[in-house]
Number of protein chains: 2
Amino acid sequence: MKIDELYALLRRRGVLWPSAEIYGGAQGLYDYGPLGAALKRRIEDAWSAWFLGLSRDYYRIEPSEIVPESVVRASGHLENFTDPEVVCEACHTPVRAETLLEKERPGGVDGLTPSQIGEVLRAHQIRCPTCGSTALGVPRPFNLMFSIPFGVDGEERAYLLPETAQGSYLAFARMRDVGRKALPLGIGVIGKAYRNEIAPRQVLFRMRAFTQAELQIFFDPNDFAVPFAEVRDEKVPVVRAAERERGHAEGEVVPASALAASGLPEFYVYHLVHLLRFLRDVLGYPAERIRFLEKSEAERAFYNRIQFDAEVFLESLGGFKEVGAIHYRGDYDLTRHSVASGKDLAASRKDGSSVLPHVLELTFGVDRNLWALADVHLVHDGERTVWRLPAYLAPVPLAVFPLIAKEHAAYALRLADAMATEGVPVQYDDASSIGRRYARMDEVGTPYCVTVDGETVAEGPGQGTVTLRARDSRAQERIATAELASRLRPTLRPPRPTDREVPAVRSVR
Amino acid sequence: MKIDELYALLRRRGVLWPSAEIYGGAQGLYDYGPLGAALKRRIEDAWSAWFLGLSRDYYRIEPSEIVPESVVRASGHLENFTDPEVVCEACHTPVRAETLLEKERPGGVDGLTPSQIGEVLRAHQIRCPTCGSTALGVPRPFNLMFSIPFGVDGEERAYLLPETAQGSYLAFARMRDVGRKALPLGIGVIGKAYRNEIAPRQVLFRMRAFTQAELQIFFDPNDFAVPFAEVRDEKVPVVRAAERERGHAEGEVVPASALAASGLPEFYVYHLVHLLRFLRDVLGYPAERIRFLEKSEAERAFYNRIQFDAEVFLESLGGFKEVGAIHYRGDYDLTRHSVASGKDLAASRKDGSSVLPHVLELTFGVDRNLWALADVHLVHDGERTVWRLPAYLAPVPLAVFPLIAKEHAAYALRLADAMATEGVPVQYDDASSIGRRYARMDEVGTPYCVTVDGETVAEGPGQGTVTLRARDSRAQERIATAELASRLRPTLRPPRPTDREVPAVRSVR
């Protein structure tokens with residue numbers, strides 16, 4: 001589906017809509033309705049099960065999303081977290097340089113200086129999208145952070161974090177000390193990040209407040225052993241930076257072992273494979289729609305030593321779009337915070353020596369992937385529209401219907417309650433024909449529908465059998481209500497990496 | 001425990017700590033560590049299971065926590081969401097009037113005009129807590145909202161919501177239209193609220209960013225039928241406003257039926273009882289430590305027609321403290337937003353007529369209750385410290401130990417993985433003696449510990465029996481590993497109101 005059709009469908013079903021909609025909407029802010037909020041929570045749970053399941057020493061914390069100015073000064077965001085902006089000299093409309101140049105430079109303007117951007121604008125005779133003038137001003141940096149006056153009279157300044165990562169760096173010292181944890185230590189955060197985007201657009205792809213799921217792995221650069229043998233034969237679709245510079249943008253599919261042989265550290269490739277498996281095997285994106293785009297030194301933030309963006313091909317947005325990334329940030333963050341705070345952020349090795357940990361950052365956009373799950377799995381299939389979400393991601397995993405509301409409602413309501421008590425989220429529906437009810441549930445991705453009929457009621461409470469209908473195959477079977485929960489429950493748990501017998505990363509104690 | 005001892009213990013165990021701790025901490029902001037984040041999530045899940053379980057027509061959404069200025073102008077927060085502040089004329093320190101007068105007016109200063117507050121300050125010769133001067137300035141309103149410059153050049157203004165409720169009011173029109181829902185319609189939000197408190201203190205009790213769980217029930221004032229018979233005999237501890245005005249502050253315990261007979265609407269009392277049951281039966285606060293304090297007309301916000309605050313006696317804070325409330329807000333909110341937005345926010349009745357819904361707000365402080373769960377349940381019991389959390393609230397429900405690490409670790413690790421795959425969050429621990437390991441888990445509230453020993457290993461994979469030790473009784477028993485998940489799982493699901501055979505509120509279709 002195209003973006004407008006997909007967004008209209010998601011709004012109509014109450015998955016999401018613009019914030020403050022009755023006031024005309026707020027740019028770059030969205031509300032999730034019941035289905036969207038449930039889907040978002042399931043994506044978060046699946047992310048946690050997978051990435052925090054990589055090691056017993058990976059933990060989820062919930063740090064503040066507001067930080068004092070000292071934090072963003074140390075992190076470099078106060079100085080560097082900017083986007084080049086151009087103001088039209090004719091109509092005074094500000095526009096992101098990246099937006100102006102998206103046809104001429106589809107890869108973005110990272111790595112260009114303001115004056116280089118100005119040259120490109122002039123060379124292509126770029127016009128103001130509002131008034132059409134070519135009198136565009138000199139590009140200047142625009143800080144994307146939201147500042148807030150903090151404290152009485154606003155004499156302190158605070159900021160809404162532009163990336164959840166900082167909360168993990170601030171927490172590192174405390175986490176290291178609680179239970180005297182050894183490296184590698186993983187700190188995961190699912191939280192909000194805030195950016196004052198000049199031009200929010202593409203619905204969930206450029207928001208002003210969005211949810212990130214991020215894992216920061218703090219490790220000893222001399223000792224980060226991963227079970228590489230478990231991933232070495234996995235085929236990874238990559239577009240290498242060097243190849244792109246030579247004009248080869250189509251990419252290649254290579255075994256993980258070849259990536260390691262090309263000079264990427266094994267720990268990096270190991271986590272790249274796990275991100276691939278998550279996107280392909282857990283979220284269910286087809287392998288051919290996934291690729292990892294390596295960013296060149298000019299494109300990536302200066303502190304990133306290695307960066308591959310995970311991209312998924314989205315029909316609604318007309319191309320491959322970033323949904324996550326892996327950043328090898330080195331010791332940049334802990335060095336900056338250690339110097340600025342005066343605190344020792346080193347960790348102890350077994351031999352008594354100490355080391356300032358390096359950071360491997362696995363970042364994942366929850367909202368973007370929610371959109372991608374709609375783009376990829378919500379399809380027109382003949383006469384029906386069906387959202388083929390994996391069962392453990394479905395907002396409503398189970399629907400319970402009475403065949404005839406007047407006769408079977410009481411039994412069906414009791415069954416729905418019993419399933420909810422068993423921990424299976426359930427929706428009851430007794431309106432219109434069974435076919436119409438199936439169609440409604442297909443559209444919101446419900447994998448299982450059960451229908452209570454005269455036979456069920458005759459068999460008696462707790463004894464009855466029901467018709468279980470599967471969303472994708474539309475196959476129907478008769479099943480005992482007593483077996484329903486134990487039959488469905490295993491399919492409603494998101495996979496963990498250990499499910500496939502991949503040994504977890506073990507810390508060296 | 002006193003506040004300092006309890007807070008120190010929670011910091012040491014990594015439950016929570018001040019945000020940006022390495023920079024000296026940020027006033028009124030806290031980070032939750034692994035145990036705190038897990039406990040917080042379980043409180044949220046328990047709240048959802050209970051309050052959204054009251055009706056099939058109660059839904060959770062996730063609205064934006066940032067709103068345009070038009071929203072807070074319409075809601076009245078721009079004008080009225082203020083706290084009287086006094087600035088010392090000698091040292092220029094600003095102080096909340098409520099803080100200055102907490103001994104003289106323990107109930108707070110709500111309902112006093114600025115000049116009345118000035119009189120009370122003078123009458124009691126109140127001194128500046130910083131410099132001791134009595135030269136305190138004239139009380140003035142201080143708006144507690146955080147404003148943020150929004151958009152390019154900050155030409156739009158936006159605000160961080162000071163209560164999650166507004167997100168539900170903004171969403172009402174969309175929710176009403178999706179699936180053409182009838183009244184009563186419940187919209188639940190678990191989200192952040194932000195207040196620029198002049199004097200953050202008492203750790204989680206006055207924060208600048210905190211999590212609320214709120215349910216807004218939109219109903220037809222002429223037709224909100226509740227199954228009152230199910231609650232009529234429940235004994236409710238109340239302190240009535242009229243009694244307090246007559247100097248009787250100790251309160252009384254009266255049946256729900258008597259509250260209804262005194263003139264409170266049945267729908268109000270019904271939800272009061274459900275809040276009582278949640279605090280007592282789900283969170284496990286002892287009945288004698290719970291009370292509902294009715295706010296008088298002078299104390300409550302002018303739009304609240306009825307307000308009872310739920311209070312719990314907390315040793316750490318030296319008295320009864322508010323942990324939730326029920327506000328009957330009438331049609332104030334929808335009227336204001338309807339007028340300001342120009343949108344019709346009425347709902348249809350079955351007979352085709354339309355009605356502007358009234359709102360019953362159930363509000364619940366997630367952070368405050370996290371603290372209360374520590375205050376109430378974390379106790380010194382002889383030689384041990386034990387956190388007697390209900391099993392479904394425990395951050396780590398299960399610990400798995402090898403009796404001897406060298407011999408039993410492999411089996412124990414496999415068992416821990418298997419339990420995690422079964423959906424039981426589990427921690428593995430092989431350090432120090434079994435007794436020390438029990439003690440560590442007691443302190444973090446883990447209800448179940450299992451130990452793998454030589455017998456288990458000899459019995460073989462999947463066949464073994466383990467020692468299951470219960471936290472509270474310290475009783476030990478031998479149980480088959482194959483039965484472990486099905487034995488523990490039912491105790492790890494938070495209760496739902498239908499578990500006790502209380503019929504859910506049904507909408508009139």
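Letters A, B, ... are given to chains in the order of the sequence lines, protein chains preceding strands, and every chain is numbered from 1.
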Practice prompt. Evaluate side chain to side chain contact (heavy atoms under 4.5 Å, CB included) for B:Y23 paired with A:H337, printing each intermediate quantity in order.
Written response: CA-CA 9 Å; B:Y23 288 94; A:H337 284 301; 2.8 Å; yes
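- Looking only at distances, no side-chain donor or acceptor of B:R174 sits under 3.5 Å from a matching main-chain atom of A:W17.
- Residues A:R493 and B:T421 approach most closely at NE-O, 2.6 Å, considering heavy atoms.
- Judged by distance alone, the side chain of A:R56 and the main-chain N or O of B:Q427 form no donor-acceptor pair under 3.5 Å.
- Proximity to chain B is limited to the backbone of A:Y30, based on heavy atoms less than 4.5 angstrom apart.
- Of the residues considered (A:V67, A:I66, A:I187), A:I66 shows the highest number of contacts with chain B, using heavy-atom pairs under 4.5 Å.
- Side chain of A:R208 to backbone of B:F150: no donor-acceptor contact under 3.5 angstrom is found.
- Nearest approach of B:R489 to A:R489, heavy atoms of both residues: NH1-NH1, 3.2 Å.
- Both the backbone and the side chain of B:E422 come within less than 4.5 Å of a heavy atom in chain A.
- Of the listed residues (B:A171, B:G36, B:S147), the one with the most heavy-atom contacts under 4.5 Å to chain A is B:S147.
- Here the OG1 atom belonging to B:T498 is positioned 4.5 Å from the CG atom belonging to A:D417, to the nearest 0.5 angstrom.
- With chain A as the partner, the residue from B:G167, B:A38, B:A340 showing the most heavy-atom pairs under 4.5 Å is B:A340.
- Considering only residues two or more places apart in sequence or on other chains, B:S432 meets the side-chain hydrogen bond (donor to acceptor under 3.5 Å, both in side chains) condition with B:R440.
- B:D45 pairs by the salt bridge (charged side-chain N to carboxylate O under 4.0 Å, His left out) definition with A:R41, not counting sequence neighbours.
- For A:L160, the part lying near chain B is the side chain, with the backbone staying farther off; criterion is any non-hydrogen pair under 4.5 Å.
- Across all their heavy atoms, A:R60 and B:A37 have their closest contact at NH2-O, 3.2 Å.
- Heavy atoms closer than 4.5 Å to chain B are found nowhere in A:A49, neither backbone nor side chain.
- Here the closest non-hydrogen pair linking B:I22 and A:S341 is O-CB, 3.4 Å.
- Using a 4.5 Å cut-off between heavy atoms, B:Q27 contacts chain A through its backbone alone, with no side-chain atom that close.
- The two residues B:S64 and A:L29 make their nearest non-hydrogen contact at OG-CD1, 3.8 Å.
- Only the side chain of B:Y194 comes within contact range of chain A, with heavy atoms under 4.5 Å apart.
- Heavy-atom pairs under 4.5 Å with chain A peak, among B:S70, B:S486, B:A26, at B:S70.
- Residues A:D31 and B:P63 share a closest heavy-atom pair of OD1-CA, 3.4 Å.
- Using a 4.5 Å cut-off between heavy atoms, A:A420 contacts chain B through both its backbone and its side chain.
- Contact annotation for A:A173: only side-chain heavy atoms (C-beta onward) come within less than 4.5 Å of a heavy atom of chain B.
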Worksheet item: When you look at A:Y32 and B:I61, which way does the side chain to side chain contact (heavy atoms under 4.5 Å, CB included) test go after all the steps?
Response: CA-CA 6 Å; A:Y32 288 108; B:I61 69 170; over 6 Å; no
Worksheet item: Could you go step by step and tell me if A:R11 and B:V178 meet the side chain to side chain contact (heavy atoms under 4.5 Å, CB included) rule?
Response: CA-CA 9 Å; A:R11 282 201 309 278; B:V178 170; over 6 Å; no
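- With a 4.5 Å cut-off on non-hydrogen atoms, B:A418 does not touch chain A at all.
- Interface check for chain B: of the options A:S338, A:S19, A:A431, the most heavy-atom pairs under 4.5 Å are formed by A:S19.
- Side-chain contact between A:E65 and B:K192: present, with at least one pair of heavy atoms (C-beta onward) separated by less than 4.5 Å.
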